[in-house]
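Just below is one structure, and these are the notes that go with it.
Sequential numbering from 1 along the given sequence is applied to the chain's residues. Values below: all heavy atoms of this structure, side chains included; hydrogens, waters and symmetry mates excluded.
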Amino acid sequence: MRTTEETEGFDGEASNTSMISGASSPYQPTTEPVHSRNVLGGIVCDVEYLKSYFGILKLVEVVLSLISFICIETIMMCSPCGGVYFFEFVSCSAFVVTGVLLLIFCLNIHTKVPHINWSLTDLVNTGASTLFFFLSSLVLACINHNTGAEIAAVIFGFLVTAVYGINAFLAVRRWRRGTGSQGAAQTSEYIRARTASRGEVEPRPELA
């Protein structure tokens with residue numbers, strides 16, 4: 001029979017062995033806190049989009065819209081003020097909407113909401129911004145008092161109109177390519193389905 005000291009020594013060795021094996025086990029408990037995980041759902045800044053044509057154009061549009069809005073806000077007196085108010089509304093709206101779209105595309109949030117046609121949304125925004133910026137800049141150019149702020153607002157207004165126009169042209173091309181590829185994919189799936197259905201109906205040669 002084993003003595004008490006031998007038994008205690010054996011138990012001590014067993015406990016040490018279990019501790020060593022537990023330390024090397026891949027299933028050992030972790031001390032990582034739960035709050036250290038990425039709670040944003042993998043939202044990261046897409047640097048490649050900012051380097052693309054659409055990303056650069058979006059940045060330029062946001063900056064020029066903000067400058068146009070600042071210029072029109074520095075006008076202290078106006079008579080009539082309809083053109084100033086119209087330009088102010090257009091520049092502020094374009095800055096906010098384009099800035100939000102820039103964040104959505106830059107952070108890849110649009111990939112988490114696939115049921116929205118983001119290419120068409122961008123096309124509508126750029127087209128509407130091009131039209132309204134051109135109209136507001138034209139009205140402000142015709143109805144102004146030749147002050148420095150008004151002239152600067154008109155210049156930046158036509159400049160951002162040109163940038164929005166380029167973006168709208170590229171957005172139309174991208175939307176057409178997306179529509180064409182989607183239609184080709186649907187046609188291919190339809191042909192594949194018809195071929196499969198005909199194969200099921202036709203008699204197989206190995207069974208004849």
Gap between atom CD1 of I109 and atom CH2 of W118 - 0.5 Å precision: 8.5 Å
May I ask whether Y85 and V139 are part of the same hydrophobic cluster, defined by side-chain heavy atoms of I, L, V, M, F, W, Y residues being less than 4.5 angstrom apart, directly or through others? no
Rounded to the nearest 0.5 Å, the CG atom of L66 sits from the OG1 atom of T98 at a distance of 12.0 Å
Does M77 belong to the same Ile/Leu/Val/Met/Phe/Trp/Tyr cluster as V84, with side-chain heavy atoms less than 4.5 Å apart forming each link? no
Given side-chain contact (heavy atoms from CB on, under 4.5 Å), test F86 with F132 step by step and report yes or no. CA-CA 9 Å; F86 183 37; F132 284 108; 4.2 Å; yes
Cluster question for you: counting only ILVMFWY and a side-chain heavy-atom cut-off of under 4.5 Å, with indirect links fine, are F169 and L59 together? yes
Pairwise distance CG(L123) to CG(L170) - rounded to 0.5 angstrom: 11.0 Å
Regarding R174 and the six-membered ring of F54, is the cationic atom NZ or CZ under 6.0 Å from the ring centre and inside 45° of its axis? yes
Shortest non-hydrogen pair, A171 vs D122, comes out as CB-OD2, 4.4 Å
Taking V90's backbone N and O only, do any of them form a donor-acceptor pair with S93's side chain (distance below 3.5 Å, no angle check)? no
Just by modelled atom types, is the Y164 backbone N or O under 3.5 Å from a matching donor or acceptor in the T130 side chain? yes
Min side-chain heavy-atom separation L57-I166 under 4.5 Å: yes
Working note: F87 + V154, criterion side-chain contact (heavy atoms from CB on, under 4.5 Å); need CA distance, chi angles, decisive distance, verdict. CA-CA 9 Å; F87 189 91; V154 170; over 6 Å; no
Quick check: closest heavy atoms across S68 and G157, and the distance to 0.1 Å? OG-N, 3.9 Å
Between the side chain of W175 and the main-chain N/O of S119, is any donor-acceptor distance below 3.5 Å? no
Is there a donor-acceptor contact under 3.5 Å from the side chain of S65 to the main chain of V62? no
With the side chain counted from C-beta on, respond yes when I116 and H110 share a heavy-atom pair under 4.5 Å apart, and no when they do not. no
Does one hydrophobic cluster hold both L103 and V100, with members joined at side-chain heavy-atom distances below 4.5 Å? no
Min side-chain heavy-atom separation F134-F158 under 4.5 Å: yes
Which heavy atom of A153 sits nearest to which heavy atom of L140, and what is that distance? CB-CD2, 3.8 Å
Student check: side-chain heavy atoms of L107 and D46 closer than 4.5 Å: no
Indicate yes or no for a side-chain donor-acceptor contact from N108 to the backbone of T111 under 3.5 Å, with no hydrogens or angles considered. no
Under a 3.5 Å distance rule, please check whether T74 uses its side chain to pair with a backbone N or O of C71 as donor and acceptor. yes
Can you tell me how far apart CG (L131) and OG1 (T126) are? Round to the nearest 0.5 Å. 11.5 Å
Does any non-hydrogen side-chain atom of Y49 lie less than 4.5 Å from one of F105? yes
Do N167 and V60 have side-chain heavy atoms sitting under 4.5 Å apart? no
S91 side chain to E88 main-chain N or O, any donor-acceptor pair under 3.5 Å? yes
Can you tell me how far the CD1 atom of I155 sits from the CG atom of L64, to the nearest 0.5 Å? 12.5 Å
Side chains of R176 and R173: does their closest heavy-atom pair fall under 4.5 Å? no
Would you check if L50 and L102 make a side-chain contact, meaning some heavy-atom pair closer than 4.5 Å? yes
Treating Ile, Leu, Val, Met, Phe, Trp and Tyr as nodes and any side-chain heavy-atom pair under 4.5 angstrom as an edge, say whether I143 and I75 lie in one connected cluster. no
